[in-house]
Amino acid sequence: MEIQSSGRPIDVLMEKVLSVNILSSDYFKELYRLKTYHEVIDEIYNQVDHVEPWMTGNCRGPSSAFCLLYKFFTMKLTVKQMHGLLKHPDSPYIRAVGFLYLRYVAEPKTLWSWYEPYIKDDEEFSPGSNGKMTTMGVYVRDLLLGQYYFDSLLPRVPLPILRQVTGHLEKMKLPTKQSGITGDSSRLGSDDTARRPPSVKASLSVSFGQRAPHRASTRDSSPVRKTLPSARDRERSSDGERARSSPRRRQSRSRERDHDSERDRSDRDRGRHKDREHDRHAREDRDRDYRRSSYSSRDVDRQGRERRDRDSDRHGRSSARRSRSRSRSPNHGRTEGENHRSSPFGRPPEPSNLAKLKDLYGDATNTKDDTGDDKARRDSGTEEIRHFSTRINGN
């Protein structure tokens with residue numbers, strides 16, 4: 001029977017940076033060869049000497065204990081296997097890995113039933129890499145009461161369940177506060193615990209190409225790390241730095257404001273220049289369109305004038321041709337005389353002397369003939385009439 005879990009995946013329960021680094025580490029990839037529960041227990045017995053989540057010293061990456069813990073996550077342990085871990089007599093680190101498995105995976109309301117038999121366990125071991133010893137009972141109580149485990153974040157225990165746990169501890173006359181062996185209630189940790197700073201852990205990359213230090217000799221040969229300063233020292237140093245850096249901060253802020261104002265002015269100037277360029281292009285386009293329209297209208301007028309001139313010339317030439325053809329025609333005089341006779345106003349007024357002569361000799365226009373003799377006779381009669389009229393006028 002499997003352990004009653006919270007139902008959430010381990011990627012959600014464990015910190016993202018820690019789970020990603022575990023899955024990408026070379027040591028965890030080597031654990032693929034381990035197929036059974038007992039093989040993983042033997043690996044814990046041989047390789048694990050602390051249960052911190054991260055490696056110690058100059059090496060960076062997830063620790064061997066947490067790589068093997070993640071291997072158990074993939075195997076989904078049963079209740080019987082978990083009891084075998086918690087009661088294992090060979091190594092306290094095998095038991096500590098079992099308690100960590102329950103803290104991550106088990107349903108929060110079942111944690112007290114799992115941990116209660118080991119609350120007063122007096123087996124001593126060092127959960128951290130600093131060699132500080134504690135009992136298994138204190139370690140279990142810190143897992144129940146705390147949310148921070150060294151530099152890592154544990155799944156949150158609901159507040160009603162946490163109140164029940166503190167009530168049970170009070171009945172057993174045990175401390176209800178963390179001892180600080182696995183980390184303080186804040187992320188910065190306790191004053192007397194030498195641990196990796198959270199900033200270093202947060203800056204770890206995914207690929208390391210390094211293996212966890214599984215031997216005590218590797219840990220002992222690493223440089224000695226300094227103890228974290230106390231909260232009071234941190235406050236004093238931060239106040240001093242704030243007082244020293246306040247003039248520089250004001251200067252930097254003023255420089256930033258000046259830089260921002262200059263940048264705003266340059267942006268406004270660029271905007272005005274763009275607007276001017278846009279207006280100029282628009283004016284040029286309007287002028288070009290106006291010139292094109294004026295040219296087109298002038299062309300239309302010129303073409304109209306040329307067409308009218310051609311039509312007038314053609315009409316003049318055709319009228320001249322008609323007049324010449326009319327003058328060459330032999331019936332042209334007769335038609336004009338007939339037109340005069342047929343006009344509604346009658347014959348035009350004639351001089352008196354010409355009328356007397358016409359009475360004496362007759363009207364030559366009424367006796368026209370088509371032959372050549374009649375034409376000659378008419379011409380001579382006309383000459384005589386003209387000669388006679390001059391003589392009368394002379395007298």
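Below, all heavy atoms of this structure are taken into account, side chains as well, without hydrogens, waters or symmetry copies.
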TODO: Kindly give the heavy-atom pair with the smallest separation between Ile22 and Pro62, and that separation in Å.
DONE: CG1-CB, 3.5 Å
- [ ] Could you please spell out the steps behind the side chain to side chain contact (heavy atoms under 4.5 Å, CB included) verdict for Ser179 and Arg141?
- [x] CA-CA 9 Å; Ser179 65; Arg141 289 199 301 270; over 6 Å; no
TODO: Answer yes if Val140 and Met172 sit in the same cluster of Ile, Leu, Val, Met, Phe, Trp and Tyr residues linked by side chain heavy atoms under 4.5 Å apart, and no otherwise.
DONE: yes
Open item on the list: Whether the side chain of Arg95 engages the backbone of His88 through a donor-acceptor N/O pair (distance < 3.5 Å, no angle test) should be reported.
Closed with: no
Task: Option passing ring-ring contact (aromatic ring centres under 6.0 Å, His included) with Phe99 (candidates Trp114, Tyr139, Tyr149, Tyr118) - done: Tyr118
Open item on the list: Let me confirm one number: the CD1-CZ distance from Ile161 to Arg156, rounded to the nearest 0.5 Å.
Closed with: 9.5 Å
Task: Heavy-atom check, side chain of Phe150 versus side chain of Trp54, under 4.5 Å - done: no
Task: Rounded distance (nearest 0.5 Å) linking atom CD1 of Ile41 with atom OG of Ser91 - done: 10.5 Å
Can you list, pair by pair, the side-chain donor-acceptor contacts under 3.5 Å of residues 66-84, counting residues two or more places apart and other chains?
{"unit_1": "Tyr70", "atom_1": "OH", "unit_2": "Asp11", "atom_2": "OD1", "d": "3.1"}
{"unit_1": "Lys71", "atom_1": "NZ", "unit_2": "Leu31", "atom_2": "O", "d": "3.2"}
{"unit_1": "Lys71", "atom_1": "NZ", "unit_2": "Leu34", "atom_2": "O", "d": "3.1"}
{"unit_1": "Thr74", "atom_1": "OG1", "unit_2": "Lys71", "atom_2": "O", "d": "2.5"}
{"unit_1": "Thr78", "atom_1": "OG1", "unit_2": "Gln81", "atom_2": "N", "d": "3.3"}
{"unit_1": "Gln81", "atom_1": "OE1", "unit_2": "Thr78", "atom_2": "N", "d": "3.1"}

Open item on the list: So if I apply the side-chain contact (heavy atoms from CB on, under 4.5 Å) rule between Ile94 and each of Leu86, Val40, Ile44, which one comes out positive?
Closed with: Ile44
Open item on the list: For the backbone of Ala106 and the side chain of Ser5, can you confirm whether one donor and one acceptor N or O come within less than 3.5 Å of each other?
Closed with: no
TODO: Give the minimum heavy-atom separation between Asp142 and Gly180, together with the two atoms involved.
DONE: OD2-N, 3.7 Å
Open item on the list: Consider side-chain hydrogen bond (donor to acceptor under 3.5 Å, both in side chains). Of Arg288, Arg286, Arg280, which one does Glu284 pass it with?
Closed with: Arg280
Task: For Ala96 against Val51, the heavy-atom pair lying closest together - done: CB-CG1, 3.9 Å
Open item on the list: Working to the nearest 0.5 angstrom, can you tell me the gap between Arg283 CZ and His278 NE2?
Closed with: 11.0 Å
- [ ] In plain terms, say whether Arg276 and Asp279 are close enough for a salt bridge, that is, a side-chain N and a carboxylate O under 4.0 Å apart.
- [x] no
TODO: Before giving the answer on side chain to side chain contact (heavy atoms under 4.5 Å, CB included), spell out for Leu174 and Ile119 the whole-Å C-alpha distance, their side-chain angles and the decisive distance to 0.1 Å.
DONE: CA-CA 9 Å; Leu174 293 175; Ile119 289 293; 3.0 Å; yes
TODO: Output the distance between atom NE2 (His168) and atom CD (Glu116), rounded to the nearest 0.5 Å.
DONE: 7.0 Å
- [ ] Give the C-alpha distance, both sets of side-chain angles, the deciding distance and a yes or no for side chain to side chain contact (heavy atoms under 4.5 Å, CB included) between Leu153 and Gln147.
- [x] CA-CA 6 Å; Leu153 185 66; Gln147 191 177 357; 3.9 Å; yes
Task: Residues, nucleotides or ligands: over 12 heavy atoms within 6.0 Å of His281 NE2 - done: yes
- [ ] Please confirm whether the backbone N or O of Glu43 pairs with a side-chain atom of Gln47, one donor and one acceptor, at under 3.5 Å?
- [x] no
TODO: Specify the closest pair of heavy atoms between Thr135 and Asp121, including all atoms of both residues, with the distance to one decimal.
DONE: CB-O, 3.6 Å
- [ ] Check step by step if side chain to side chain donor-acceptor pair (under 3.5 Å) holds for Glu52 and Ser129.
- [x] CA-CA 7 Å; Glu52 286 190 18; Ser129 59; 3.1 Å; yes
TODO: Answer yes if Tyr32 and Leu23 sit in the same cluster of Ile, Leu, Val, Met, Phe, Trp and Tyr residues linked by side chain heavy atoms under 4.5 Å apart, and no otherwise.
DONE: yes
- [ ] Show the numbers, then the answer: is there a side chain to side chain contact (heavy atoms under 4.5 Å, CB included) between Leu154 and Tyr148?
- [x] CA-CA 6 Å; Leu154 294 173; Tyr148 296 100; over 6 Å; no
TODO: Please round to the nearest 0.5 Å and tell me the distance separating atom CG of Leu143 and atom CG of Leu102.
DONE: 9.5 Å
Open item on the list: Distance check, rounded to the nearest 0.5 Å: Leu144 atom CG versus Arg103 atom CZ?
Closed with: 7.0 Å
- [ ] Please report the closest heavy-atom contact between Thr134 and Pro127, naming both atoms and the distance.
- [x] CG2-CD, 3.6 Å
Task: Minimal non-hydrogen separation, Thr176 against Thr166, with atom names - done: CG2-O, 3.8 Å
